[in-house]
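Residues take their numbers from the sequence shown, with the count starting at 1. Quick caveat: nothing in here was measured; it's all calculated off a predicted structure. Only this structure's heavy atoms are used, side chains among them; waters, hydrogens and symmetry mates stay out.
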Amino acid sequence: MSERFVLRDEVFGGTLYDRRLLRHTFLTRGEIERGIRSNGDVVENYEHWQAETGNLPKDIIYSPVRVYFEATKMCNLQCKHCFNSSGSRDKDELTTQEVFESLRGMRQNHVFDVRFTGGEFTLRPDWFEILALAKELGFAVSLNTNCVYRDKSVIDRLAELNLDQVTTSIDGSRERHDDIRGEGNYDRTMETLKELHRRGVVLRTNTVLTGENDDDMENVIQSVGEYISEMNFFHMRLTGRAKEIQDGAITYNRLRQFNDRAIDIVRRYPDINIMFGSYVARINSIRMNELGLKIGGPDGFTRFNLTPDGSMYAGGYAPYIDSKLKLGNIKEESYSMLNVWRYSEKLNEFRGFSNEVVARCLSCPELLVHCGGMNVEMELIKLNSIQGKNPYCIMFG
């Protein structure tokens, strides 16, 4: 059985990864030498992934902490806000063996965490074998799925895998969820969610905020709270099919009001890790004065993305904002990400842009008062939009 904690060598010291919480912490050499701690507790047992760091760039981490592996565009739903317009399989999707080689390459690259997404990943005929190999290789393995299964044996097989987390979406009340995801899909998703919980699967929900469901937070919590350990509320990104309903995007003021209400609501549910206000982006970004690393993120700083054909992008929205943001293909890199991660001029330009956005956010009096900041992808969308606006930013939108 794998240890809960993994320490990976870095130029500045090490990255400590917690497989249970799916979180990382950066440690200096001195902190490691004095005894590794996580949230104040001494970590006595951990795996040590030794890495050659002598000639590496000193302003980025060794390799991504997490890779989002968008392994198929096939989907059995046609959600109105789908950021990648999933539905049909791409003709160039990686074969089973190419996916296997990609996973082995990522393991050699010392990537801690792989999150499989789609489309609906379980529509790939080889989905179980892929997840099983990822677990065998020692990754923290999580899955984004819509939980709408025609074949109920999918539930049995998911439970068998003992994944580190399974995430599904609940986008408000039954009426609002079904308006976005199709009639009857709220009940189908809830039925699966309850059964997975009964089987001991660790569960999380995502809720995409729009101008229609931003008053549904507590309703969602009360509906799913007894079945899940974690939930995340975040605003819609205007890519893919979401562009067709962008008039329904939540406004900055409505988002601000949501975040204000959420502070009080979350206090009433201390047993659930409820995230909102761009919290996930913040904790996975590289922040000021952090060990000499470039500031920005999380895309291209701690996170990386593979599309169904093996193309590499800094972030999951990037392929659907501008295909010119493509950084290469993992097949053409001998199934390794390291050369692109460390030396790609295009990725360095992306990181520079991210750095500018974060620096601008840090100058804003709204940051962490009413705004979570970190809207790098929305700033990219703004550059590629006729309207040229970021509706989620009051200062620079």
Given D309 and K331, is the salt bridge (Lys or Arg N to Asp or Glu O under 4.0 Å) satisfied, shown in steps? CA-CA 9 Å; D309 69 349; K331 293 189 293 183; over 6 Å; no
TODO: Could you walk me through whether E160 and R157 pass salt bridge (Lys or Arg N to Asp or Glu O under 4.0 Å), step by step?
DONE: CA-CA 5 Å; E160 178 185 339; R157 305 193 85 194; 5.1 Å; no
Can you check side-chain contact (heavy atoms from CB on, under 4.5 Å) on F258 and F233, steps first, answer last? CA-CA 10 Å; F258 172 87; F233 295 82; 3.8 Å; yes
* Show your working on salt bridge (Lys or Arg N to Asp or Glu O under 4.0 Å) between R188 and E191 and close with a plain yes or no. => CA-CA 5 Å; R188 295 182 185 103; E191 180 185 350; over 6 Å; no
Q) Stepwise, does the side-chain contact (heavy atoms from CB on, under 4.5 Å) test hold for R287 with V358? A) CA-CA 9 Å; R287 298 177 288 275; V358 172; over 6 Å; no
task: Check the pair K80, E212 against salt bridge (Lys or Arg N to Asp or Glu O under 4.0 Å), reporting the backbone distance first and the verdict last.
output: CA-CA 13 Å; K80 291 180 180 179; E212 299 294 327; over 6 Å; no
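Within the 3.5 Å criterion, the main-chain N or O of L137 finds a donor-acceptor partner in the side chain of R107. With T28 contributing its side chain and G13 its backbone, the two residues share no donor-acceptor pair below 3.5 Å. Of the possible polar contacts, one joining the D18 side chain to the L21 backbone as a donor-acceptor pair under 3.5 Å is found. No donor-acceptor pair under 3.5 Å is formed between the side chain of N206 and the backbone N or O of S169. Put simply, the side chain of S85 gets close to the backbone of R241: a donor and an acceptor are under 3.5 Å apart. A donor-acceptor pair is defined here as one N or O able to donate and one able to accept, closer than 3.5 Å; such a pair exists between the side chain of S354 and the backbone of G297. Side-chain atoms of Y392 come within 3.5 Å of backbone N or O of M236 as a donor-acceptor pair. A donor-acceptor pair under 3.5 Å links the side-chain atoms of T302 to the main chain of N284, judged by distance alone. A donor-acceptor pair under 3.5 Å is absent between the side-chain atoms of D187 and the main chain of R174, judged by distance alone. Side chain of K73 to backbone of N84: a donor-acceptor contact under 3.5 angstrom is found.
In this structure, T307 and P319 approach most closely via the heavy-atom pair CG2-CG, 3.6 Å. Pairing each heavy atom of L196 with each of C147, the nearest pair is CD1-SG, 4.1 Å. Here the closest heavy-atom approach between residue E377 and residue I321 is recorded as O-CD1, 3.6 Å.
Residues W127 and V154 are in side-chain contact: their nearest non-hydrogen atoms beyond the backbone lie under 4.5 Å apart. F69 has its side chain within reach of M106: a pair of non-hydrogen atoms, C-beta onward, lies under 4.5 Å apart. A heavy-atom distance below 4.5 Å is found between the side chains of I60 and R351. By the 4.5 Å heavy-atom criterion applied to side chains, P57 and Y343 are counted as neighbours. Between R37 and T25, the closest side-chain pair of non-hydrogen atoms is not below 4.5 Å. At a threshold of 4.5 Å between non-hydrogen side-chain atoms, the residues I272 and M231 count as touching. By the 4.5 Å heavy-atom criterion applied to side chains, F304 and L327 are counted as neighbours. In this structure, F353 and E379 have side chains that are in contact, with non-hydrogen atoms separated by less than 4.5 Å.
Between D264 and R267 there is a salt bridge, since a side-chain N of the basic residue sits under 4.0 Å from a carboxylate O of the acidic one. At a threshold of 4.0 Å, the pair R199-E195 counts as salt-bridged, since one of the basic side-chain nitrogens sits closer than that to a carboxylate oxygen. Under 4.0 Å is where a charged nitrogen must lie from a carboxylate oxygen, and between D126 and R124 at least one such pair does.
In this structure, L103 is a member of the same hydrophobic cluster as M312, with clusters built from ILVMFWY side-chain heavy atoms closer than 4.5 Å. Under a hydrophobic-cluster definition in which Ile, Leu, Val, Met, Phe, Trp and Tyr are linked whenever side-chain heavy atoms come within less than 4.5 Å, directly or via other members, L347 and V376 are assigned to the same cluster. Linking ILVMFWY residues whenever their side-chain heavy atoms come closer than 4.5 Å, directly or via other members, leaves F26 and I283 in distinct clusters. I228 and M217 fall within a single hydrophobic cluster, where Ile, Leu, Val, Met, Phe, Trp and Tyr are joined by side-chain heavy atoms under 4.5 Å apart, directly or via other members. Cluster membership check: Y227 shares its hydrophobic cluster with I155, using side-chain heavy-atom separations under 4.5 Å among Ile, Leu, Val, Met, Phe, Trp and Tyr.
Of the N and O atoms on the side chains of E120 and T72, not one donor lies less than 3.5 Å from an acceptor on the other residue. A side-chain donor from one of D151 and S153 sits under 3.5 Å from a side-chain acceptor of the other. Residues S63 and R8 bring a donor and an acceptor atom of their side chains to less than 3.5 Å of each other. Inspection of the N45 and E3 side chains reveals no N or O donor paired with an N or O acceptor under 3.5 Å. Side chain to side chain, H81 and D171 meet the donor-acceptor criterion of an N or O pair below 3.5 Å. Counted by atom type alone, N305 and R303 present zero donor-acceptor pairs between their side chains at under 3.5 Å. For the 3.5 Å distance criterion, the side chains of E366 and Y252 qualify, holding a donor opposite an acceptor. Of the N and O atoms on the side chains of Y269 and Q222, at least one donor lies less than 3.5 Å from an acceptor on the other residue.
Each of W341, Y17, W49 was scored for a ring-ring contact (aromatic ring centres under 6.0 Å, His included) with H110, with one residue passing: W49. Of the residues R23, R66, R19, the one that meets the salt bridge (Lys or Arg N to Asp or Glu O under 4.0 Å) test with D113 is R66.
A 6.0 Å sphere centred on CD of E129 holds more than 12 heavy atoms belonging to other residues, nucleotides or ligands. Within a 6.0 Å radius of NZ in K243, no more than 12 heavy atoms belonging to other residues, nucleotides or ligands are found. Sparse packing is recorded around CZ of R150, with 12 or fewer heavy atoms of other residues, nucleotides or ligands lying under 6.0 Å away. Surrounding CZ of R104 are more than 12 heavy atoms belonging to other residues, nucleotides or ligands, all under 6.0 Å away. Counting heavy atoms of neighbouring residues, nucleotides and ligands inside a 6.0 Å radius, atom NZ of K324 does not exceed 12 of them. Within 6.0 Å of CZ in F12 there are more than 12 heavy atoms belonging to other residues, nucleotides or ligands.
Judged by the 6.0 Å distance and 45° axis criteria, R342 is positioned over the aromatic ring of Y62.
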